[in-house]
Amino acid sequence: MFYADTGRCGAPIGSKGGIEYVGADHVVFASDSPFADSPEAVGMMDNLGLDEGDKEKIFRTNAERLMKMSFA
């Protein structure tokens with residue numbers, strides 16, 4: 001049950017590698033600062049070439065599952 005966080009990494013190659021290593025089902029976005037304004041980090045994620053389902057997991061549903069909460 002290992003989860004990686006990619007929100008503040010900032011390096012596309014590191015984020016892409018981490019997602020490929022642990023899988024999109026075990027990556028969350030900005031878990032340490034979920035309410036921070038981070039347009040650069042969001043932009044970096046948008047440019048990784050992930051499909052919409054994997055982006056939705058990383059941006060929201062993985063955290064919901066992990067914390068047993070709903071953010072919708």
Side-chain angles (χ1 to χ4, degrees):
M1 191 170 129
F2 177 80
Y3 281 79
D5 186 309
T6 188
R8 293 291 183 184
C9 177
I13 195 166
S15 294
K16 183 76 169 174
I19 293 165
E20 289 176 2
Y21 185 73
V22 300
D25 290 334
H26 286 270
V27 177
V28 293
F29 180 82
S31 64
D32 57 343
S33 58
F35 305 108
D37 183 19
S38 48
E40 297 86 12
V42 172
M44 186 264 314
M45 291 295 295
D46 286 338
N47 292 321
L48 291 180
L50 301 170
D51 66 43
E52 291 301 314
D54 284 347
K55 286 197 301 189
E56 180 69 11
K57 290 175 188 178
I58 293 168
F59 282 128
R60 185 177 62 84
T61 58
N62 289 342
E64 287 179 333
R65 186 179 69 247
L66 184 64
M67 294 185 260
K68 297 177 175 64
M69 299 175 75
S70 177
F71 304 129

| Can Met45 and Leu48 be said to form a side chain to side chain contact (heavy atoms under 4.5 Å, CB included), step by step? | CA-CA 5 Å; Met45 291 295 295; Leu48 291 180; 3.8 Å; yes
| query | How long is the span from the OG atom in Ser15 to the CG atom in Asn47, to the nearest 0.5 Å? | reply | 11.5 Å
| request: Mind jotting down which residue pairs meet the salt bridge (Lys or Arg N to Asp or Glu O under 4.0 Å) criterion with at least one end in residues 42-51? Sequence neighbours excluded, please. | output: Asp46-Lys55
| said: Run the ring-ring contact (aromatic ring centres under 6.0 Å, His included) test against Tyr21 and tell me which residues pass, sequence neighbours left out. | reply: none
| message | Using 0.5 Å steps for rounding, measure from the CD1 atom of Ile19 to the CG atom of Leu50. | response | 4.5 Å
| message | Restricting to side chain to side chain contact (heavy atoms under 4.5 Å, CB included), what partner residues turn up for Phe71, sequence neighbours left out? | response | Arg60, Ala63, Glu64, Met67, Met69
| task | Kindly assign one of parallel, tilted or perpendicular to the pair Phe29 and Phe59, based on the angle between their ring planes and the thresholds 30° and 60°. | result | perpendicular
| task | Sequence neighbours left out, what passes side chain to side chain donor-acceptor pair (under 3.5 Å) with Asp54? Give chain and number order. | result | none
| Got a second to check how far Ile58's CD1 is from Asp5's CG, nearest 0.5 Å? | 10.5 Å
| task | Could you list all the salt bridge (Lys or Arg N to Asp or Glu O under 4.0 Å) pairs where at least one residue sits in residues 15-25, not counting sequence neighbours? | result | Asp25-Lys57
| field | Minimum-distance pair of heavy atoms, taken over all atoms of Ala4 and Val22 | value | CB-CG2, 4.1 Å
